[in-house]
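Report on the structure given below.
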Amino acid sequence: MCVNLGHILHESYKIIALLGQGGFARTYTAAQLKKSHIPLCVVKEIPFPPSNDPRVLSIARKRFEREASALRRLGKNSRIPELFDRFEENDYFYLVQEYVEGHPLTQEVAPGDRWNEQKTVAFLREVLEILKSVHQENIIHRDITPANLIRRETDKKIVLIDFGAVKEISTFTANSTGEIFTSQAIGTSGYMPAEQYNPQSMPQPYNDIYALGIIAIQALTGQRPTNLPQDPETGEMVWDYSTPDRPAVQVSDKLKHILTKMVRFHFQDRYQSVEEVLQELDLPIVEGPDLSKTSRPWRSRFRWLLFGFAGIAAFGAIVLLIPRISPLIPRISPQPTVAIPSADGVSSGEKLLVQTSALWSKQRGINEFADSNYPEALKLLKQSWREDRRDPETLIYMNNALLMATKAEYYTIAIVVPIRRNPDGSILNANLAEELLRGIAQAQTEVNLGLLAANDHNKDFPGQGFLEPKAIKGKGLRVIIADDGNIKSYAVQRAKDLVAWPDILAVIGHYTSDMTVETVDIYNQNKLVAISPGSTTEELTRKPRKFFFRTAPTTSIESEALVNQLISVGEKKVAVFYNPNSPFSASLWEEFKKQFESQGGATFRISNYYDLSKNNFNAAAAIKEVEKLGKTALLVIPDGQVTSSLENAIEMIKANGDRNWIVGPWTLYESRTLELAKQLKSVNKLGISVFWHPLISFDKKFPQNAEKLWGGPVNTRSALTYDASRTLIKALEMQPEPSREGMQKTLADPNFKAAGATGIIEFDSKTGNRKNPPKRVGHIVPCAREQFGLTFVPIEFPTAAAAGLKCN
């Protein structure tokens, strides 16, 4: 029963008055009986979920504690009320927060009142800065309205109140299969974007950006958002127009552009972070394609209506002639299997990420997937696969479409890969991402083939006849792809996106040490396993995280192989070239130096020449400096394609011309290295660490199956990602009811073992490092049948013939 005035809660808070009441909670002012120096507070009352299922209440309690913890952290910001207390009483959850004396913004955006541009921009900046700190805590408000923005009396600053995530607790329920989910959307009509009406959609920063843009438009126009028309073709809100009795809003093209982009109907077209909005507020904006494809076509149609019906003076009468699209009805499929709208750079099949040479059939398949037409998506993706069998993104989306089309049960994992881009956003290089995706796609296909009956009409699904079907306890495997671009800010956002997606039980990634160091704590704090197939830096060992594991060796293991190689050929001096700002590159240099010098060797770092990441790096000049040292080997350590250091390292190999021994990490295991080597007379003095090679594969079937599946060989990166996938699949199989914390406990168990392409995978429970990891050195040998007439083989094989390769 709801409390009455004068009621004392928790022996501490005397209810004074009802402040507000919504569909999910009530808010009261109360006196703090035990804190006379802070007499007033706000008490929010949230009812227990109505379900009789005890698991629902258990999850609600956990969520309540999580959200209370988040509010406590946020309360350190002076623009968000401080959380004093939280407790349960009489089947209600209660939060006790700071009372902010002031008035809601509803008093400042009354109908008919219009703000000028200067005031609107100042308002945007102020609230965006608050949201920036909120989103940095991986929290989305979800109910930004004028009523939830308080103008504080003492300093006239805005305070953000009433976070939606807490109210969501009362909407939890369970279906007939025992799945627990949110039954109602959280938010306020008119300020909610379309995707937020789907209660299963994951909250994202662009939800709050939309709501804030709506408030700014309301302030400029003096009209409630529900009174503004929509373009009947696109669903876009139209706010920049004039009628005979209503002059157009006097606002710059720059602000028009920003607000229009903030409130775009489709979330993909909006700003994806508040940082992006703040940056555009600081820069001059030239009207671009965003405005031309929404506001302008509508404006011309709208003016035609106005002038075509000259006898109609009032705007309201004109609206009657427009095909009605209610702003309260989003374009979201009611089917329970609808794909959750993904963040920018995250996709389960509804978005093209690897855009290098997408076939039309693939794009059409993705469009059908986005529209939840999974049978048609599956058909089109199969067609695309037949046309391009090397595309792992197509195979992953095809697997996901198969699960949806057949209504199969499945588990979900994610993978984060780096798609390198040019400054204008176009793709520079997707090879690295595709190599990683091939490993997980092959493992996913093995699982989902286990769901196909002998008489299934999907007999043309890839892998049948040679991949071993391995369903996970009768269930399939869905894979979410995320692109971190090898950019730290992107990586952090992708990590926040993935931890907020409750279906995801584990993440494979990130690939580079740079990105993993930036994101590992996000996964750890949110208790989501991240297993990296490429991060080798020892920095992750020095501060272990409970939820971090890796299938790749650490830099100490990789250094050992490279040191032994140079010692074996009689090298006593080594000059290093690396990226000192890369956790991987710096860690490998540190470990190599320690091990090489312990065996009597000397190491050098040549001043002004050692930094491979510099844009003006001069390989020829660096080689000349090395020659001054006498007989000296080179250790070249490019990072994982975060900077241009790989390109500079390849230039070093070219400038060296096989004069000095060069050794380097597996980041040099690249087709570009082979392409460069083709230009040289010989490459006999080059050693590169490799963690897997078809000739030394622990799983002998893996390279054979990979070649059949992809129409060609795969490399170390694919093998390590395959192993990470097989490791997670094994962990899923071992749990009666898989969960995020269950994944961590299973992987950390001393008895856990999984068989992969690179060997038996087991982990040190304290560090998450792989036990007995692979370590090998490879070199380049001639082989006429290969693309560049050259190929990598383990260094113990002096020639391609000795390795058993047929090169004629």
* To do: Taking the six-membered ring for Trp and the full ring for Phe, Tyr or His, determine whether the centres of F267 and Y206 are under 6.0 Å apart.
  => yes

* Any chance NZ of K624 has more than 12 other-residue heavy atoms, nucleotides or ligands included, within less than 6.0 Å? -> no

* Answer with yes or no whether the side chains of S645 and D639 bring together a donor and an acceptor at under 3.5 Å. => yes

* **Test applied, side chain to side chain contact (heavy atoms under 4.5 Å, CB included); reference residue, S689; option that passes from Q565, E558, E560** => E558

* Side chains of H510 and D484: donor-acceptor distance under 3.5 Å anywhere? -> yes

* Given E137, which of R66, R73, K76 fulfils the salt bridge (Lys or Arg N to Asp or Glu O under 4.0 Å) condition? -> R73

* **Salt bridge flag under 4.0 Å for residues R494 and D483** => no

* To do: Determine, step by step, whether T603 and E597 satisfy the side-chain contact (heavy atoms from CB on, under 4.5 Å) criterion, reporting the C-alpha distance in whole Å, the side-chain angles of both residues, the deciding distance to 0.1 Å, and the verdict.
  => CA-CA 7 Å; T603 60; E597 292 180 352; 2.6 Å; yes

* Got more than 12 heavy atoms from elsewhere within 6.0 Å of NZ, K573? -> yes

* **Lys/Arg-Asp/Glu bridge criterion (N-O < 4.0 Å) met for R770, E762** => no

* Is the distance between the ring centroids of Y722 and F702 under 6.0 Å? -> yes

* To do: Could you tell me whether the side chain of N648 and the main chain of A619 form a donor-acceptor pair under 3.5 Å?
  => no

* Test: D503 and R478 ion pair at under 4.0 Å -> yes

* **Pairing of K132 and E276 as salt bridge, 4.0 angstrom limit** => no

